[in-house]
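Proteins get letters first, then strands, A, B, ... in listed order; numbering begins at 1 in each. Side chains are part of it too, since the values below use all heavy atoms of this structure and drop only hydrogens, waters and symmetry mates.
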Amino acid sequence: MPELPEVETILLGLRAALRDRRIISSETRADLRWPVPDDLSIRADGKRVREVTRLGKYLLVGLVRGPTLLIHLGMSGRIRITPGAEARAGYTPLRHEHVTLTFDDSSRVGLVDPRRFGCFLLLDGGRELAHPLLRDLGTDPLESGFDAAHLVAQLRGKRGPIKITLLDQRVVAGLGNIYVSEILYRARIHPERVSASLTVEEVTRLAEIIPAVLREAIEAGGSTLRDYVDAQGRPGAFQHLHKVYAREGQPCPECPGYPACGGIRRIVQAGRSGFFCPRLQPPLSLLDA
DNA sequence: CGAGACCCCTGGCTGC
DNA sequence: TGCAGCCAGGGGTCTC
């Protein structure tokens, strides 16, 4: 479900809600992709929140003199925040609310994830980046280290299609299926182009467009296709600004070729749908072969 | 190393 | 109304 813009939007809500809060108790009702650690209460209860951060699509809640909660929302996960005043009047976990934390002001934070592709793990404080799930993550496109030279280096030697390469979290941390289609459309790059065949000019364009699209999406509160809502329960609006995603057969908004061109195309790569304009995103460059 | 198939799981939608 | 089949914003693991 959530890609970087959605996770970032959730992060901002979570950070505001958890500032200086202390965990009073924690409840686990079901396991996610991996079992929720059964020593969660032992290690987390009584600990104060130090900071809430994000790495790619992972949320990290660091606790003072304690572990760091590592949360991934998978395809269908969301965070439910209930203010203390409301929770004191009575609190009922939602269907599929697999983990609930109660804080010192009675507020609750729940992890709701119907498909259970997400995770909720504990990392040792101070050694978070050594964890296998975080160790190999690529650069976050909103960080300063993400620029054209960096992306050129990342794509060097990559023979796979650019769409699949950009989805690889070791190459760029945080991109997902929606935004990759939107980004390649805006960069006028066909999703099947061999990654290493992109010209420096094209990669430079990508390196500018990737953070630009993500920032615009964050500004709009993310994309809601079916069930995404932020930590306060609000849907995003960026889906209204999608140019190609899930628009097969519809006219590309910037292409004069419709209806002769047949409109936006859908292709499947690595089992996932992708969308592009066949005229604005030509399939081959002279460097491909 | 890379690429592809398969798996995890629930729910919404479509077509019969 | 029921049901089968397909699809979904992610990603780990295994095989070749």
ask   = Expressed in angstrom and rounded to an integer, what is the separation of A/Asp168 atom CG from B/dG2 atom C1'?
value = 10 Å
query = Within the structure, does a side-chain N or O atom of A/Arg95 lie under 4.0 Å from either OP1 or OP2 of B/dG11?
reply = yes
ask   = Base, sugar-phosphate alone, or nothing: which one does A/Tyr58 contact when heavy atoms must sit under 4.0 Å apart?
value = sugar-phosphate
query = Is the phosphate of C/dG10, meaning OP1 or OP2, less than 4.0 Å from a side-chain N or O of A/Arg272?
reply = yes
task = Send over the distance from A/Asn177 CG to C/dA8 P, rounded to a whole Å.
result = 8 Å
key: Interatomic distance, A/Arg115 CZ vs C/dG9 P [rounded to whole Å]   = 9 Å
ask   = Of the candidate nucleotides B/dC8, C/dA8, B/dG12, which contains the atom at the shortest distance from the side chain of A/Arg226?
value = B/dG12
ask   = How would you label the contact of A/Ser273 with the nucleic acid (heavy atoms, under 4.0 Å): base, sugar-phosphate, or nothing?
value = sugar-phosphate
Ring centers of A/Phe238, A/Tyr179 separated by less than 6.0 Å = yes
ask   = Which of the following nucleotides, B/dG11, B/dC9, C/dA8, is nearest to the side chain of A/His96?
value = B/dG11
request  = Take the protein atom CD of A/Gln269 and the nucleotide atom P of B/dA3, then report the distance between them rounded to whole Å.
outcome  = 12 Å
remark   = Picking from B/dG2, B/dT10, C/dG11, the nucleotide nearest the side-chain atoms of A/Arg170 would be B/dG2
note = Side-chain atoms of A/His72 come closest, of B/dT10, C/dG10, C/dG9, to C/dG10
task = May I ask you to decide whether A/Asp38 forms a salt bridge with A/Arg43, counting only side-chain N to carboxylate O separations under 4.0 Å?
result = no
inquiry  = Which is more 5' along DNA chain B, the nucleotide nearest A/Pro161 or the one nearest A/Pro114? Just name the residue.
reply    = A/Pro161
key: A/Gln169 vs C/dG11: side-chain N/O to OP1/OP2 distance below 4.0 Å   = yes
message = Using heavy-atom distances to pick each residue's nearest nucleotide on DNA chain B, tell me which of A/Ala270 and A/Arg33 is more 5'.
response = A/Ala270
message = Expressed as a whole number of angstroms, how long is the span from A/Ile10:CD1 to C/dG10:C1'?
response = 14 Å
query = Using the P atom in both, what is the distance from B/dC9 to C/dC3, to the nearest Å?
reply = 23 Å
query = What integer distance in Å separates A/Glu3:CD from C/dG9:P?
reply = 8 Å
query = At under 4.0 Å, does any side-chain N or O of A/Lys158 touch on OP1 or OP2 of B/dC1?
reply = no
ask   = Base, sugar-phosphate, or nothing: which does A/Ile164 touch, judged by heavy atoms less than 4.0 Å apart?
value = nothing
key: Residue pair A/His98, A/Phe120: steps toward the ring-ring contact (aromatic ring centres under 6.0 Å, His included) verdict   = CA-CA 10 Å; A/His98 307 308; A/Phe120 189 111; over 10 Å; no
query = Between B/dC6 atom P and A/Phe117 atom CZ, what is the distance in whole Å?
reply = 16 Å
query = DNA chain C: A/Trp34 or A/Arg266, which has the more 5' nearest nucleotide?
reply = A/Arg266
Residue matched to B/dC9 through Watson-Crick or wobble contacts both under 3.5 angstrom = none
message = Need one value for A/Tyr179: base, sugar-phosphate or nothing, where a base atom within 4.0 Å counts as base even if backbone is also close, heavy atoms only.
response = nothing
query = Nearest 0.5 Å, what's the CD1-SG distance between A/Ile71 and A/Cys119?
reply = 8.5 Å
Protein-nucleotide distance (A/Leu73, atom CG; C/dG10, atom P), rounded to Å = 11 Å
message = Can you check the distance between B/dA3 and C/dG9, where both ends of the measurement are the C1' atom (answer in whole Å)?
response = 23 Å
ask   = Any link between A/Leu121 and A/Leu137 through a network of hydrophobic side chains (Ile, Leu, Val, Met, Phe, Trp, Tyr) touching at under 4.5 Å?
value = yes
inquiry  = Same cluster or not: A/Leu175 versus A/Phe146, using hydrophobic residues (I, L, V, M, F, W, Y) connected whenever any side-chain heavy atoms lie under 4.5 Å apart?
reply    = yes
